[in-house]
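Remarks on the structure that follows.
Below, chains carry the letters A, B, ... as their sequence lines are ordered, and counting in each starts from 1.
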Amino acid sequence: MTGSSGAGYNAAEGIPPKKGNRFMNVRVRYAPSPTGLQHIGGIRTALFNYLFARSLGGKFILRIEDTDRERFDSTALQDIYDSFAWLGIRWDEGPDQDGPHSPYFQSERQASYVAAAHELLEKGHAYECFCTSDRLESLRAEQSEGKSAALGYDRRCRDLTDEDRAQLRRENPHPVVRFKTPLEGDAVFEDMLLGRVKRKNKDISPDPVLLKSDRFPTYHLANVVDDHSMEISHVLRAQEWLPSTALHILLYRAFDWEMPVFCHLPMVMGKDGQKLSKRHGATSLIEFRRRGYLPEAVINYVALLGWAYDDSREFFTLEELEKFFDANKLNKAPAVFDYTKLDWFNGNYIRECDDTRLLKLMTPFVEDAGIRATAEQLQQALPLIKERMKRLEEAPELLGFLVGAPADYPAEELIPKKMDASHTIRVLEGVVGLLDGLSARSDEENEERFRALAEQLDTKLGNVLMPLRVAVTGSKVSPPLFGSIRLLGEEQARLRVHAALQKLKSMLG
RNA sequence: GUCUCCUUCGUCUAGUGGUUAGGACACCGGGUUUUCAUCCCGGCAACAGGGGUUCGACUCCCCUAGGAGAUGCCA
């Protein structure tokens, strides 16, 4: 890899997207840094990039921004692959999907950044800075204390003489390269979503670092160099990047490169209106997986964060989104992540899920909870709990009564309203007789028999079934009773009813 | 502090000068039902405020307020 003249990719001679023809050759990228787990906000950004590309017949590229070797985390890298594999989102070019602009790890493109930095140095758009981290730190401390107007680097090394530099290099042989932010003028660009955004150059970060002392680039440099060399046509990223876009504009200008089209997506917030973070709930995709969300629910919900198709439709498959996505329908305002609505989507997808697949998805959750159930049992249980689950993680608690004893419950739970213990005892004693052959009978038939029993005991059906339900499941809330007993087995049910009777009797003393 | 962006029901949103401001989640009622859930019906609830422009503003412009983000040898 020898920078712009290296083999493998051409950093300097990237073909600029043709003006007025931008949608003809759409190339977008998602550029995560492997420093942490994939955040749901990042997923949203990736999704929108992917959909944008797909809807326009363009290419979606994955680029790993691993220029911070101190925070690099290989689990985080794996998490990127796992996350998108789970979602079913694939890139056209990326680390594991070779393309014309390989490599797709920034750490492997280092030479091109060094070359780019040198180009800027030569053109007079950048300079070497010998200030130590310590000095910068104390500078920052001073500035924040004395609420001074100017924040940031004080440009001490901006106008060094050759002599100064030679001298300083002896003390610090590892200078950084800083951008020479113009003091006058403006940086203006046309955001696809936001329209014209203008910033005075003097308000832009004063001389940010482009090349670190370890010769790795900062985000600003690497991002611009790669977007250019990879012929990225559109940059869709979260609005938190908006402030640094002005700087990027200046960099494109300094390199004399054509700019991609920018589109700054609204951010994803927590309930309190702050950037979505751990204290709001799950934020990493893997947590959503672990809680039992289906990928299609996550995709569907997240797609609707800052985007809407029309005034009524809200269910979409990935394939449909690929067709319908339209950047013109993007919203500008930040969106609050609503876990409740995600649950609602997920419940819908669970209900619509094919039983075979659902069984497969559900099994690990059940097993992890220590429930010993055969595949057949689970299969039979499925229809009973399917429409009661919002998340797969709820399966174990819905099925809990199948394993070991039912949850312990107070004897009072057995007694329906307006009834007493002895009355309830009579009910349960009557119920025992109906247990025989219950499994073989249809629900309708069973219901008839219990109804008859209720009449005989001069009470309502509910007052017969509720004590039985509590006796069998340990709870007033359960999946349909007859089906549950069928799963449990008549014998086990009988034992539980007897246990319940004991409870009631000891209550009477 | 400075800069930038944002502002329709609690939340996600539709709306592109003339609408009883629509839908969804949540919530509250009611119905179906062996509990719960599902399902069905109904209800509550919004254009941040002030100026313009216009015959007419949620829609266009300005200001104010509020919110958010950025201000690193992190991305």
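Backbone-only engagement by Leu194(A) is indicated by non-hydrogen atom pairs under 4.0 Å involving sugar-phosphate atoms exclusively. Heavy atoms of Lys460(A) sit nowhere under 4.0 angstrom from any nucleic acid atom. Using a 4.0 Å heavy-atom criterion, one finds that Pro383(A) contacts no nucleic acid atom at all. At the heavy-atom level, Met267(A) lies under 4.0 Å from the strands shown only through sugar-phosphate atoms. Residue-level contact check: Leu211(A) touches neither bases nor backbone, having no heavy atom under 4.0 Å from any strand. Among the heavy atoms of the strands, none lies under 4.0 Å from Phe337(A). Residue Pro208(A) is out of contact with every strand shown, counting any heavy-atom pair closer than 4.0 Å. No engagement by Lys200(A) is indicated, since no non-hydrogen atom pair under 4.0 Å with the nucleic acid exists. At a threshold of 4.0 angstrom between heavy atoms, the contacts of Gly306(A) are confined to the sugar-phosphate backbone, with no base atom among them. Among the atoms of the strands shown, only primed sugar atoms or phosphate atoms (P, OP1, OP2) are found under 4.0 Å from some heavy atom of Gly273(A). Residue contacts for Val176(A): at a heavy-atom cut-off of 4.0 Å it reaches a base atom on one of the strands shown.
At the phosphate of C74(B), OP1 or OP2 sits under 4.0 Å from a side-chain N or O atom of Lys212(A). When the side-chain nitrogen and oxygen atoms of Arg196(A) are compared with OP1 and OP2 of U4(B), none of them lie within a distance under 4.0 Å. When the side-chain nitrogen and oxygen atoms of Asn331(A) are compared with OP1 and OP2 of U8(B), none of them lie within a distance under 4.0 Å. Dashed line: the shortest gap from a side-chain N or O of Gln274(A) to OP1 or OP2 of A68(B) is under 4.0 Å.
In this structure, the ring of Phe337(A) has its center less than 6.0 angstrom from the ring center of Tyr301(A). Here the two rings, on Tyr219(A) and His248(A), have centers that are under 6.0 Å apart. Between Trp91(A) and Phe84(A), the distance from one ring center to the other falls under 6.0 angstrom. For an aromatic pair to be called close, the ring centres must be under 6.0 Å apart, and Trp344(A) with Phe315(A) satisfies this.
On the P atoms, U33(B) is 38 Å away from U11(B), given to the nearest whole Å.
Side-chain atoms of Ser33(A) and base atoms of C74(B) include no donor and acceptor less than 3.5 Å apart. Judged by distance alone, with hydrogens and angles left aside, Arg469(A) brings a side-chain donor or acceptor within reach of the base of U34(B), the pair sitting under 3.5 Å.
Distance Phe450(A) CZ to U34(B) C1': 10 Å, rounded to the nearest Å. As rounded to whole Å, 14 Å separates atom P of C6(B) from atom CG of Leu265(A). Here the C1' atom of nucleotide U35(B) and the CG atom of Leu398(A) are 13 Å apart, to the nearest Å. When the P atom of C5(B) is taken as reference, atom CE of Met192(A) falls 18 Å away, rounded to whole Å. If you take CD1 of Ile249(A) and P of U4(B), they are 15 Å apart, rounded to a whole angstrom.
In this structure, the nucleotide among C12(B), A14(B), U34(B) sitting nearest to the side chain of Ala308(A) is A14(B). Of all nucleotides listed (U4(B), U35(B), C73(B)), U35(B) comes nearest to the side chain of Ser478(A). Among C36(B), C73(B), G69(B), the nucleotide with an atom closest to any side-chain atom of Arg388(A) is C36(B). Nearest to the side-chain atoms of Pro243(A) among the listed nucleotides C73(B), G1(B), G69(B) stands G69(B). Checking U13(B), A75(B), C6(B) against the side-chain heavy atoms of Ala335(A) singles out U13(B) as nearest. Comparing U7(B), U13(B), A75(B) by their nearest atom to the side chain of Ala333(A) picks out U7(B).
Side chains of Tyr349(A) and Asn300(A): a donor-acceptor N/O pair is present below 3.5 angstrom, by distance only. In this structure, a donor-acceptor pair under 3.5 Å is absent between the side chains of Ser475(A) and Thr473(A).
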Hey, what are the protein-to-nucleotides 22-29 of chain B N/O distances that come in under 3.5 Å?
from   : atom 1 : to        : atom 2 : distance (Å)
G22(B) : N2     : Asp311(A) : O      : 3.4
A24(B) : O4'    : Glu314(A) : OE2    : 3.4
A24(B) : O2'    : Glu314(A) : OE1    : 3.3
A24(B) : O2'    : Glu314(A) : OE2    : 2.6
A24(B) : O2'    : Lys341(A) : NZ     : 3.0
A24(B) : N3     : Lys341(A) : NZ     : 3.2

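Interface residues of residues 67-75 of chain A facing RNA chain B, ordered by number: Thr67(A), Asp68(A), Arg71(A); criterion, heavy-atom separation under 4.0 Å.
Of the candidates Asn331(A), Leu330(A), Val302(A), Leu330(A) is the only one forming a side-chain contact (heavy atoms from CB on, under 4.5 Å) with Trp307(A). For the salt bridge (Lys or Arg N to Asp or Glu O under 4.0 Å) with Glu128(A), the lone residue among Arg169(A), Arg158(A), Lys180(A) that qualifies is Arg169(A). For the side-chain contact (heavy atoms from CB on, under 4.5 Å) criterion with Val224(A), the lone passing option out of Leu250(A), Leu251(A), Ile232(A) is Leu251(A).
Seen from the ring of Tyr409(A), Lys503(A) counts as a face-on cation partner, given the 6.0 Å and 45° thresholds.
For the pair Asp310(A) and Lys329(A), the salt-bridge criterion is not met [side-chain N within less than 4.0 Å of a carboxylate O].
The aromatic rings of Tyr252(A) and Phe262(A) sit perpendicular, their planes meeting at an angle over 60°, well past the 30° parallel limit.
Between Lys332(A) and Val477(A), the residue anchored nearer the 5' end of RNA chain B, judged by the nucleotide with its closest heavy atom, is Lys332(A). Taking for each of Pro480(A) and Asp272(A) the nucleotide of RNA chain B with the nearest heavy atom, the 5'-most of the two is the partner of Pro480(A).
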